[in-house]
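Presented below is the structure to which this report refers.
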Amino acid sequence: MEPAQTVGHVISSRSPSTTALWVAWARAVEHRRPDRLFADDLAAAFLAAAGAEAGTPPAEFREALPAAVATRTAFFDEHLRSVTVGGIRQVVLLGAGLDTRAFRLPWSAETSLYELDTPEVLAFKESVLARQGAAAKCRRTPLAIDLTDDWPAALCAAGLDPGQPVAWLAEGLLPYLEVEAADRLLTAIGRLSAPGSTLALTYNPGALRALGSAPGGRHLDRVGVAHPALPGHPEPWLARHGWQAHAHDLIHQAVVHRRVPAAAMEHASPGTSTCWLVTATIPGQQSHPQRPSR
C-alpha cells in the first residue's frame, strides 16, 4: 500500500467535543425509550461527567436531534454487525467522539477496533470509561490524534493491517471538513483499504446549509460545522475515489425505524432528502453485501 497523506484543514480541533456531548445526549434519550433501538447506558455517564449545561443541545435541536441520531446509530450498528459477520476483523471509527460501539455491539473476539479523535475528546472519554469500569467486547485501541496530523501512520503503527479489509465509519464527521479536506480524507482512507473494505458515512450537505441559515444555525457555526459544498449526491463523489456506494435516504430510514424525521426536513417525503446514510465497498475478491435499504 502507498503511504497515506494527512487530511488537511479541519474547521476546529476542539469543536467536536461539544457536538459529541450533544450526540451522547441524543443517545441517552433513545436509551430511556421503552422501544429503544439500541442500549447505551454509557451516554448518561458522559453527560453526568460533563455537566447538564455542557451536554444539553440548544432548544432548537432537542426535537430533531434524538430522532436523527437514533436512526443513524441503529443503521450503522446494523451495517457494522453485517460486515463483521461477513469476515471483516478491522474496524476504524474516524472522529469517534463518545461512540460506545466497542462496548455494546456483539463483536468477534478477533475484532480490532480503532477509535480516532482529538486528545481532548479521548482524554475525557477514557476518564469516564475508567470510572465506569467499562470493558470493551473487542480489541479496542483509542488513538488520540487530530486528522490534521499523520493519522494513517499512527493507525498502522497501532496495528492496522492495510493488506486486510477494513470497515471504516465516519459518522457525523464530514461537517467538520472543508471540501478539499473531505477529498483528502477519502484518498487517505482508500490507500489503507484492501479489496473488500467497506466505508459508512453520513452525507448531508444540503441539510447542513439549510440548518446554517435557520435560526439555530448560529449554534452550528459556534461549534465549527462548515456546511461544506460537497457534491449534491454522494454516489458519484465516492465513485471518483474508487468506492461503489449506496445512499440510503435518512427520512426513509427514520420511517423504517419508527422515528420522527428531523425537524429541518419535516416537510419532505422519503426519497427527496438531501441527507443520506451511505455504505460503500472497495470492489474485490472479499466483497461484502451492501446493507439493504428496506
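No hydrogens, no waters, no symmetry mates; every other heavy atom, side chains included, goes into these values. Note that the structure is a prediction, hence the values are computed from the model and not measured.
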Checklist entry - Any chain of hydrophobic side-chain contacts (each under 4.5 Å) joining F76 to L113? => result yes

Checklist entry - Looking at R62 and T56, what are the two nearest heavy atoms and their distance? => result NE-CG2, 3.7 Å

Next on the checklist: I need the L160 CG to S193 OG distance, nearest 0.5 Å.
Outcome noted: 8.5 Å

Item to check | side chain to side chain contact (heavy atoms under 4.5 Å, CB included) between R258 and D35, worked out | outcome: CA-CA 10 Å; R258 299 184 179 180; D35 61 341; 5.7 Å; no

Checklist entry - What closest approach, in Å, do L47 and A28 show between heavy atoms, and which atom pair accounts for it? => result CD1-CB, 3.9 Å

Checklist entry - Looking at W237 versus Y203, is the centre-to-centre ring distance below 6.0 Å? => result yes

Item to check | R81 side chain near P106 side chain, heavy-atom distance below 4.5 Å | outcome: yes

Item to check | Atom of P165, atom of P195 and distance for their closest heavy-atom approach | outcome: CG-O, 3.6 Å

Item to check | R140 and L129, any side-chain heavy atoms less than 4.5 Å apart | outcome: yes

Checklist outcome for this item: In short, Q90 meets G159 closest at the heavy-atom pair OE1-O, 4.1 Å

Next on the checklist: Quiz question: by atom type and distance under 3.5 Å, do the side chains of R89 and T111 form a donor-acceptor pair?
Outcome noted: no

Item to check | Single-linkage hydrophobic cluster I251~L37, side-chain heavy atoms < 4.5 angstrom | outcome: no

Checklist entry - Which atom names give the shortest non-hydrogen contact between A247 and H233, and what distance separates them? => result CB-CE1, 3.8 Å

Next on the checklist: Under 4.5 Å between side-chain heavy atoms, counting indirect links through other Ile/Leu/Val/Met/Phe/Trp/Tyr residues: same cluster for F46 and L122 or not?
Outcome noted: no

Item to check | Stepwise side-chain hydrogen bond (donor to acceptor under 3.5 Å, both in side chains) test for T198 and W168 | outcome: CA-CA 6 Å; T198 69; W168 302 89; over 6 Å; no

Item to check | Under 3.5 Å: donor-acceptor pair, side chain of H246, backbone of T279 | outcome: no

Checklist entry - Are any side-chain N or O atoms of Q244 and backbone N or O atoms of I282, one a donor and one an acceptor, separated by less than 3.5 Å? => result no

Checklist entry - Taking atom CD of E30 and atom OG1 of T71, what is their separation to the nearest 0.5 Å? => result 8.0 Å

Checklist entry - Does E63 pair with R259 as a salt bridge, N-O distance under 4.0 Å? => result no

Item to check | Stepwise side chain to side chain contact (heavy atoms under 4.5 Å, CB included) check, L94 with W151 | outcome: CA-CA 10 Å; L94 294 167; W151 64 267; 4.1 Å; yes

Next on the checklist: Please check this pair: side chain of T73 against backbone of V69, looking for a donor-acceptor N/O pair closer than 3.5 Å.
Outcome noted: yes

Item to check | Test item: L155 and L116 side chains (from C-beta on) under 4.5 Å apart, heavy atoms | outcome: yes

Checklist entry - Should H252 and H248 be marked as a side chain to side chain contact (heavy atoms under 4.5 Å, CB included) after you check the CA-CA gap, both sets of side-chain angles, and the distance that decides it? => result CA-CA 8 Å; H252 173 71; H248 308 266; over 6 Å; no

Next on the checklist: Assess the residue pair L147 and L173 against the criterion (side chain to side chain contact (heavy atoms under 4.5 Å, CB included)); give the C-alpha distance rounded to whole Å, side-chain angles, the decisive distance to 0.1 Å, and a yes or no.
Outcome noted: CA-CA 11 Å; L147 293 182; L173 175 62; 3.9 Å; yes

Checklist entry - Honestly curious: do F103 and L21 fall in one hydrophobic cluster under the side-chain, below-4.5 Å linking rule? => result yes

Item to check | Reported CD-to-CG distance for the pair E78 and L277, which is rounded to 0.5 angstrom | outcome: 10.5 Å

Next on the checklist: Just so I know, are the side chains of L169 and V91 near enough to count as touching, which here means a heavy-atom distance under 4.5 Å?
Outcome noted: no

Checklist entry - Is it true that E110 and R139 make a salt bridge, defined as a side-chain N closer than 4.0 Å to a carboxylate O? => result no

Checklist entry - Is there a donor-acceptor pair under 3.5 Å between the side chain of Q164 and the backbone N or O of A194? => result no

Next on the checklist: In this structure, would F38 and L105 fall into the same cluster of hydrophobic residues linked by side-chain contacts under 4.5 Å?
Outcome noted: no

Checklist entry - Any side-chain heavy-atom pair from T202 and V278 closer than 4.5 angstrom? => result no

Item to check | Of R101, R27, R72, the residue whose pairing with D77 passes salt bridge (Lys or Arg N to Asp or Glu O under 4.0 Å) | outcome: R101

Next on the checklist: I want to check something: taking the side chain as every heavy atom from C-beta on, are D161 and V166 in contact at a cut-off of under 4.5 Å?
Outcome noted: no

Checklist entry - Quick check: does any side chain N or O of K125 sit under 3.5 Å from a backbone N or O of D99, one acting as donor and the other as acceptor? => result yes

Item to check | Distance in Å, W107 CH2 paired with T84 OG1, rounded so as to fall on 0.5 Å steps | outcome: 5.5 Å

Checklist entry - Are side-chain heavy atoms of I189 and L199 found at a separation under 4.5 Å? => result yes

Checklist entry - Hey, is the main chain of L42 close enough, under 3.5 Å, to the side chain of Q132 for a donor-acceptor pair? => result no

Checklist entry - Ignoring hydrogens and geometry, is there a side-chain-to-backbone donor-acceptor pair from D146 to T148 under 3.5 Å? => result yes

Item to check | Main-chain N/O of P142 paired with Y114 side-chain donor or acceptor, under 3.5 Å | outcome: no

Next on the checklist: Restricting to non-hydrogen atoms, name the atom on G97 and the atom on A20 that form the minimum distance, rounded to 0.1 Å.
Outcome noted: CA-CB, 4.3 Å

Next on the checklist: Please check: side-chain N/O of S197 versus main-chain N/O of A167, any donor-acceptor pairing under 3.5 Å?
Outcome noted: no

Checklist entry - Side-chain contact, heavy-atom cut-off 4.5 Å: T141 with L143? => result yes

Checklist entry - Does the side chain of T281 come under 3.5 Å of the side chain of W243 through a donor N or O and an acceptor N or O? => result no

